[in-house]
Each structure stands twice: as C-alpha cells, then as structure tokens.
J.: 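Take this structure first; my questions come after.
Chain naming here is simple, since letters A, B, ... match the order of the sequence lines and numbering starts at 1 in each. If you're wondering where the values come from, they're calculated on a predicted model, not measured in any experiment.
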Protein chains: 2
Amino acid sequence: MTPITIYDIAKEANVSVSTVSRVLNDTAPVRASTREKIMSIIAKHQFQPNAQARSLIKKETGTIAIILPDITNPFFPEVFWGAENEARGLGYTFFLCNTAGDYNRESEYLSMLREKRVDGIIFLGGRINMQTCPDDMAQELIDVGKRTPVVLVNGNIAKGGFHRVYTDEGAGAALAAEHLLELGHKDIAFVGGLKELSTTMVKVRAVQKKLREHGLEIPKDRLLLGSFSIDDGKREMAKLLESDNPPTAVICVNDNTAIGAMKTTIEHGLSIPRDISIVGFDDTPLASAVIPELTTVSQNTYQLGKLAVDKLHELINQRQVKKQTVLQPELIIRQSTGPAPR
Amino acid sequence: MTPITIYDIAKEANVSVSTVSRVLNDTAPVRASTREKIMSIIAKHQFQPNAQARSLIKKETGTIAIILPDITNPFFPEVFWGAENEARGLGYTFFLCNTAGDYNRESEYLSMLREKRVDGIIFLGGRINMQTCPDDMAQELIDVGKRTPVVLVNGNIAKGGFHRVYTDEGAGAALAAEHLLELGHKDIAFVGGLKELSTTMVKVRAVQKKLREHGLEIPKDRLLLGSFSIDDGKREMAKLLESDNPPTAVICVNDNTAIGAMKTTIEHGLSIPRDISIVGFDDTPLASAVIPELTTVSQNTYQLGKLAVDKLHELINQRQVKKQTVLQPELIIRQSTGPAPR
DNA sequence: GTGAAAGCGCTAACAG
DNA sequence: CTGTTAGCGCTTTCAC
C-alpha cells in the first residue's frame with residue numbers, strides 16, 4: 001500500500017540509490033551479489049519504478065496516442081490493431097482518443113496529449129479529412145507538430161508538411177468504377193460519406209473522372225452523400241430506389257453504407273447483383289460475412305496502422321524518414337457485382 | 001522547440017514560479033494585472049505545463065487503462081466508447097491495451113501500467129473469463145488491485161474481492177432458450193465460444209438448465225464450441241448441418257458466430273427462420289444489418305463501459321461503492337427466429 | 001498577494 | 001564497482 005521508492009530499496013539493501021538504479025536499468029556493472037540482493041528486495045516488495053519520475057529526466061514517456069473519429073466503425077479498430085501490435089513491440093503504450101467527429105474534442109485531446117508529453121501522435125479523420133480545413137484548426141495541429149512528432153493517416157493538412165501514410169483512395173474508387181464499367185453498367189450512383197470530407201470527395205471525383213473517360217457521369221440525383229453508417233446506407237439507397245431514375249450499380253463510400261444499401265435493395269424485392277450491383281470500400285470483416293458477399297476495395301487496413309507506427313518511431317528517434325508512404329488499394333471482387341441488367 | 005518551463009514564464013513576467021503555478025491552477029488569489037500578464041506570456045509561448053512533473057507531486061496521473069482481448073470484435077469498441085466518453089468528461093485519458101487473448105501480454109501490460117502509475121484499470125476478457133484461472137495469474141491481478149483500483153467487466157476472479165460490473169449472461173442465454181422453446185423448438189444446438197472461458201460456459205449451462213426444465217437437453221453432438229469469430233460460426237454450423245442430426249434452432253455465443261452460422265445455413269440452401277432459427281448475443285450493429293435481421297440478446301454494451309468508469313472513478317476518489325453492478329440483458333426478437341418446422 | 005525553498009522519485013555525471 | 005550530488009518541472013508549505 002505504502003508507495004515504495006528506490007530509496008526504500010536502497011536503504012534495505014545497504015547501498016545507494018544509484019546502485020539500485022543501475023540494476024534497474026542495467027546501465028553499469030554491479031557486483032553480482034549486490035545485484036542479487038537488490039533484486040530480491042525489489043521482488044519482495046513488488047517494487048516498480050515510477051515511470052513519471054523517469055520521464056521527467058529522460059524526456060520521453062514511452063507513450064503514443066492515436067486520435068480517430070469512431071472506434072465503433074470497424075475500419076478503425078483494424079487500423080488500431082495494426083498500430084498497437086507494432087507499438088507494443090517497440091515499447092510504447094497507446095492512448096486512444098475517440099473524437100466522435102467533434103473538432104473541439106480533437107482540440108481538447110491535442111492539448112491533453114501535449115501536457116502528458118506523449119512521444120508521438122497518429123491522427124486519423126476529423127480535420128485532416130476536411131475538404132478545406134479552417135486555418136485555426138490547421139494551425140493548431142501544425143503547432144503541435146512542431147513539438148511532437150505527428151503522422152497523419154489517410155488525410156492531410158495543406159501546406160502542413162506532415163509525415164503521412166495513406167491509401168490512394170482515388171485509385172481504389174477508380175478500380176471500382178472500372179469494374180462496373182467492364183460489367184456494362186452505365187447508370188452508376190455513389191452513396192454515403194460526408195461531403196465536407198476529402199475521403200468522400202476524393203472517391204467521388206475519381207469515379208466521375210473514370211466515367212467521363214467513357215462519356216458517362218454521375219448525375220446530381222445519383223450522388224447521395226450522407227454519412228458513414230449502415231443506417232445512412234439504407235436511407236440513401238431507399239431514395240435512390242424510389243427515384244424516377246434508379247441506377248444499375250452503386251459505389252458506396254465504405255462497407256458500412258454498402259451493407260445498408262444491400263439491405264434496403266433486397267428489402268425492395270430486388271436481387272443483387274442481378275438487378276443492382278453494389279461495391280463497398282475498406283474490406284472490413286463484414287464484407288465477406290453478408291449475403292451476397294460484398295465486392296469491395298481493400299485498404300490493407302492493418303498495414304496502415306503498422307506503417308504509421310513505424311514512421312512515428314523513426315521520427316521520435318530523429319531518423320530520416322520518407323515524408324509519405326502510399327498504399328495501393330486492391331479491388332476484391334465477390335458476389336455483389338455482376339453484369340448490367342438487360 | 002526549446003522545452004519551455006514554468007521558470008521561463010516566471011522570469012519573463014518578473015514573478016516567482018509559485019505565482020505562475022497559482023494562475024495555472026487557480027489555487028490562490030493573484031492580482032488581476034499580474035494574472036493577465038502571466039496568461040499572455042503563457043499564450044504567447046503556447047506553454048503547457050508538464051503533466052509528468054505534476055503527477056509526481058499529486059500522485060495522480062489523470063490516466064486510466066482498459067485491458068481487453070480484441071478491439072476488432074465489435075462488442076469491445078462499443079464498451080470502449082461508453083467508457084471513454086464517460087472518462088473524458090471526468091478528465092481522464094485512456095490507455096487501450098489489446099491483449100489478443102494472450103495471457104502474457106496481459107501480464108506485460110499490467111506491469112507497464114503500474115509503472116506508468118495509471119489511476120485505475122478496467123479489465124475485460126482474458127484471465128477473468130477463464131473457467132479456472134491459474135493461481136499465479138489470479139494473484140498477479142490481485143496484487144495489482146492492492147495498489148491500483150481495478151474494475152472487472154463481465155468476468156471475475158474467484159475470491160479476488162474485485163469490484164465488478166457485468167451482464168447476467170446466464171439470464172440472457174436463458175431468455176434465448178425460452179424464446180426458442182416457446183416457438184416449439186426441441187432440437188437446439190449451441191455454437192461458438194472457447195470452452196475454457198466462463199462467458200461461454202455460463203451461457204451453455206443456462207441453456208442446458210432451461211432445456212432440462214422442459215425435459216430436453218443439448219446433446220454432445222450439438223454442442224460445438226470453438227471461438228468467437230465469424231469464421232468459426234461458419235465452421236461449426238457446417239458441421240452441424242452436415243451431421244446426422246441437424247437442429248432446428250441454434251444459439252450462438254455472440255453475434256459474430258451467429259452471422260457466420262447464418263451465412264453457412266443459407267449457403268446450404270436452407271431458409272432462416274423457416275428451416276432453422278438462429279439467435280445471437282450482444283446486439284452489435286451487425287445484428288440489424290444482416291438479412292434476415294438477427295434475433296439476439298442485448299447487453300447494453302455502452303452502459304457496461306460507462307458504469308465501469310463511474311465505479312472506477314468513485315474508487316479512485318476513495319468513495320464507497322457497491323461491489324457489484326449487474327445489468328439485465330434483454331432479448332431482441334427480430335427475423336432470424338420463427339416457429340419450429342413441421 | 002507574492003516569494004523562497006523543500007521536495008515528488010528517479011537518473012546521470014562526477015568522484016572515489 | 002559504488003556513493004554523492006545535482007537536477008527534471010512542478011506544487012506546496014511557510015514566511016513576509
């Protein structure tokens with residue numbers, strides 16, 4: 001119960017604190033017998049050195065943080081898992097900061113993390129995904145970046161000069177569009193995603209571009225942005241199906257919305273992919289769990305987290321690192337896409 | 001870049017460090033003009049006090065940890081979300097420790113967290129879910145508990161005297177069994193879950209008990225334990241369907257396995273619930289996303305996390321708290337269950 | 001209202 | 001090999 005310190009150990013072993021410190025950190029030779037005596041006393045009291053005190057001197061805390069918008073969206077746990085697994089091996093402990101898409105919360109966390117002197121920060125979603133990030137929010141992150149290593153995942157701050165690892169989401173969306181085009185689809189819709197976020201618009205633009213190459217486009221009434229949830233997928237898809245002008249294929253901003261869209265489609269008595277083809281994004285575990293299995297763009301989510309930590313680690317240790325690491329997505333063709341009807 | 005301290009601020013403001021400390025913590029009256037001068041200097045340098053140094057004195061870090069087995073299983077992010085949301089309001093930052101079901105990793109984390117002097121620990125899964133937890137593992141956690149407040153969620157250590165919040169999983173399983181019984185099912189199977197874990201066996205026993213009350217039972221060949229993944233659900237269900245003796249209803253250890261089981265069932269050309277009824281556990285977001293929608297037992301997952309933090313907070317502040325908080329589960333009847341065939 | 005000084009628990013020279 | 005002695009950056013008496 002009583003907080004026991006290195007001094008208590010030293011006294012009981014009849015040595016100085018520095019000797020105890022030496023055995024604790026193996027930082028200088030200590031006579032074997034002394035070492036053993038000290039170790040046994042440490043074990044007896046279950047003594048564990050106070051990391052706070054050590055950090056104060058060493059100017060490192062062995063702690064990194066990940067800021068992300070929604071741990072409840074299966075994409076993020078997967079990233080986290082890749083990051084944490086790697087970080088643990090490197091000796092870090094992870095702060096997880098869930099911002100729920102609230103920019104104030106991001107700011108609060110940024111501030112807390114500075115006070116706690118984390119060794120580095122991995123940032124996903126939120127402001128680094130905004131189409132146009134307000135200057136003050138951008139500046140805030142840039143200021144943090146001056147004092148603490150930061151790695152952005154799947155996002156960016158214009159002119160921020162940040163280190164980043166990201167998936168080429170545009171390329172992924174183009175892959176999806178191409179696949180649909182090859183299947184003969186001409187009436188293609190896009191569903192889901194906040195229109196303020198670049199992760200949405202990058203995909204939309206890439207699809208538009210690909211379609212235009214074929215003399216096609218997504219008309220306004222087939223561009224149904226919303227959010228990233230299953231429910232939103234249901235909602236937008238319902239609008240689409242009840243419109244004058246339903247598509248034969250839809251590209252969804254992520255797997256969640258795709259699954260919602262599938263559900264609504266089937267509930268409307270349509271068959272996937274016979275009547276409508278649907279493609280998702282992220283290849284979360286759900287994609288292969290639903291019926292029909294979802295054709296989707298794989299982001300290699302685990303790697304995203306792992307590589308972010310690797311980069312952060314190099315940064316923390318002041319080593320040279322490439323500013324950017326780009327991951328190429330891959331189209332996973334499953335059962336939810338097929339030839340255009342008729 | 002240069003680490004700026006309270007001393008730098010004091011010097012620039014021509015005051016002593018104690019005065020700066022006072023305005024930082026609002027811990028004693030400071031003349032308005034002095035305060036303003038100090039504040040402006042703080043703002044100018046974007047100074048943020050070093051939490052490590054403060055913790056050293058105050059003996060609290062404003063940090064709590066959650067240890068859990070698999071952030072990738074949708075149940076846990078939900079718990080985390082409830083916990084984090086509550087904790088943030090109370091001024092804590094969260095360490096997330098993913099153990100991947102590895103008991104060594106639990107031990108490592110337990111040790112790190114002690115060194116980092118977290119204010120409290122929330123523990124899920126792993127050893128607190130073992131049918132019989134080896135003495136050394138139990139003792140390790142008990143020792144941690146002597147120095148750091150610990151709350152166990154949905155698990156226990158026999159004779160550990162821990163504070164706990166948990167769902168009455170047995171009652172939930174009984175609800176599921178009862179529902180199937182009322183629908184006229186007599187051939188009921190149980191799918192998924194590690195047999196070493198109490199979270200599995202509590203459910204199995206509750207179902208057995210309920211069935212016996214009706215002169216029924218789950219025979220050995222309809223008790224297919226495995227793990228908690230979608231894939232395991234598929235695997236076990238396949239065995240069941242290909243056996244001599246397929247059931248008319250199956251209770252799954254969680255939603256993941258239920259979804260896997262549904263998939264396999266449908267792929268075998270059977271109809272749910274006409275040929276087979278399936279019930280899950282946890283009511284994760286998936287449950288209402290699949291077709292047919294899954295009948296499942298809701299655990300009120302968010303509350304589990306929230307209440308754990310509340311209890312931990314009380315403990316940290318040395319207040320009286322009930323040792324146990326039990327949440328009653330609820331059966332959510334959707335589309336995957338129906339009358340027994342014939 | 002404000003300052004001086006003594007630590008919090010540990011590491012890191014610097015002497016022996 | 002081992003002990004002494006400064007701090008790390010902050011809070012907190014205790015005086016004034």
J.: With salt bridge (Lys or Arg N to Asp or Glu O under 4.0 Å) as the rule and sequence neighbours excluded, what pairs involving residues 40-49 of chain B come up?
T.: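 Every salt bridge (Lys or Arg N to Asp or Glu O under 4.0 Å) pair that includes a residue of residues 40-49 of chain B, provided the two are not neighbours, is Glu12(B)-Lys44(B).
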J.: State which residues pass ring pair (Phe, Tyr, Trp, His ring centres under 6.0 Å) with His313(A); sequence neighbours excluded, sorted by chain then number.
T.: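 Expected list: Tyr92(A).
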J.: For a quick check of understanding: with a heavy-atom distance under 4.0 Å over all strands, which category does Ser55(A) fall into, base, sugar-phosphate or nothing?
T.: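 No contact at all - Ser55(A) keeps every heavy atom at 4.0 Å or more from the nucleic acid.
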J.: Quick one, which residues of residues 39-50 of chain A touch DNA chain C with a heavy atom under 4.0 Å?
T.: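 Within residues 39-50 of chain A, the residues near DNA chain C are Phe47(A), Pro49(A), Asn50(A).
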J.: Which residues, if any, of residues 6-33 of chain A bring a heavy atom under 4.0 Å of DNA chain C?
T.: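 Within this stretch, Ile6(A), Tyr7(A), Ser18(A), Ser21(A), Arg22(A), Asn25(A) sit under 4.0 Å of the strand.
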J.: Looking only at atom types and distance, does a side-chain atom of Lys306(B) sit under 3.5 Å from a main-chain N or O of Glu86(B), one as donor and one as acceptor?
T.: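 Such a contact is absent between Lys306(B) side chain and Glu86(B) backbone.
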J.: Mind jotting down which residue pairs meet the salt bridge (Lys or Arg N to Asp or Glu O under 4.0 Å) criterion with at least one end in residues 313-324 of chain B? Sequence neighbours excluded, please.
T.: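 As it turns out, the salt bridge (Lys or Arg N to Asp or Glu O under 4.0 Å) pairs with a partner in residues 313-324 of chain B, which skip direct neighbours, are Glu314(B)-Arg319(B).
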J.: Quick one: list whatever passes ring pair (Phe, Tyr, Trp, His ring centres under 6.0 Å) with Tyr166(B), sequence neighbours left out.
T.: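 Tyr166(B) satisfies ring pair (Phe, Tyr, Trp, His ring centres under 6.0 Å) with no other residue.
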J.: Test your reading of the model: is there a side-chain donor-acceptor pair from Thr301(A) to the backbone of Val79(A), 3.5 Å cut-off?
T.: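 No, Thr301(A) side chain to Val79(A) backbone: no donor-acceptor pair under 3.5 Å.
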J.: According to ring pair (Phe, Tyr, Trp, His ring centres under 6.0 Å), who are the partners of Phe76(A), at least two apart in sequence or on a separate chain?
T.: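 Checked Phe76(A) against ring pair (Phe, Tyr, Trp, His ring centres under 6.0 Å); zero matches.
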J.: Side-chain N or O of Lys59(A) less than 4.0 angstrom from OP1 or OP2 on dG9(D)?
T.: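 Checking dG9(D) against Lys59(A), a side-chain N or O does come within under 4.0 Å of OP1 or OP2.
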J.: Send over the distance from Glu36(B) CD to dG1(C) P, rounded to a whole Å.
T.: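 Result: 14 Å.
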J.: If I take atom CD1 in residue Ile4(A) and atom P in nucleotide dC8(C), what distance separates them, rounded to the nearest angstrom?
T.: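 Distance, rounded to whole Å: 15 Å.
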J.: Determine which pairs satisfy side-chain hydrogen bond (donor to acceptor under 3.5 Å, both in side chains) with at least one residue from residues 61-79 of chain A, sequence neighbours left out, and list them in order.
T.: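 Passing the test, one end in residues 61-79 of chain A: Thr61(A)-Asp119(A).
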J.: Taking salt bridge (Lys or Arg N to Asp or Glu O under 4.0 Å) as the cut-off, I'd like each qualifying pair that reaches into residues 16-26 of chain A, sequence neighbours left out, listed once.
T.: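 Every salt bridge (Lys or Arg N to Asp or Glu O under 4.0 Å) pair that includes a residue of residues 16-26 of chain A, provided the two are not neighbours, is Asp26(A)-Arg35(A).
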J.: For Phe75(B), check ring pair (Phe, Tyr, Trp, His ring centres under 6.0 Å) against everything at least two apart and list the hits.
T.: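 Applying ring pair (Phe, Tyr, Trp, His ring centres under 6.0 Å) to Phe75(B) gives none.
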J.: What's the CD1-C1' distance between Ile38(B) and dG3(C), to the nearest Å?
T.: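 It is 12 Å, rounded to the nearest whole Å.
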J.: Starting at atom NZ of Lys58(A), determine the distance to atom C1' of dG7(D), rounded to an integer number of angstrom.
T.: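 Computing the Lys58(A):NZ to dG7(D):C1' distance gives 15 Å.
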J.: Would you say Thr5(B) places a side-chain N or O within less than 4.0 Å of OP1 or OP2 belonging to dC8(D)?
T.: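 No, Thr5(B) has no side-chain N/O under 4.0 Å of OP1/OP2 on dC8(D).
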J.: Round to the nearest Å and state the distance from Gln52(A) atom CD to dC8(C) atom C1'.
T.: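 After rounding, the gap between these two atoms is 11 Å.
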J.: Atom CZ of Arg54(A) to atom P of dC10(C): distance rounded to whole Å?
T.: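 It is 9 Å, rounded to the nearest whole Å.
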J.: Considering only distance and modelled atom types, tabulate donor-acceptor pairs under 3.5 Å from the side chains of residues 94-104 of chain B, sequence neighbours left out.
T.:
unit_1: Asn98(B); atom_1: OD1; unit_2: Ala100(B); atom_2: N; d: 3.4
unit_1: Thr99(B); atom_1: OG1; unit_2: Leu68(B); atom_2: O; d: 3.3
unit_1: Asp102(B); atom_1: OD1; unit_2: Asn104(B); atom_2: N; d: 2.8
unit_1: Asp102(B); atom_1: OD1; unit_2: Arg105(B); atom_2: N; d: 3.3

J.: Enter the inter-axis angle for the ends of the helix from dG1(C)-dC16(D) to dG16(C)-dC1(D) (five pairs per end, rounded to 10°).
T.: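 Roughly 40° between the end axes, to the nearest 10°.
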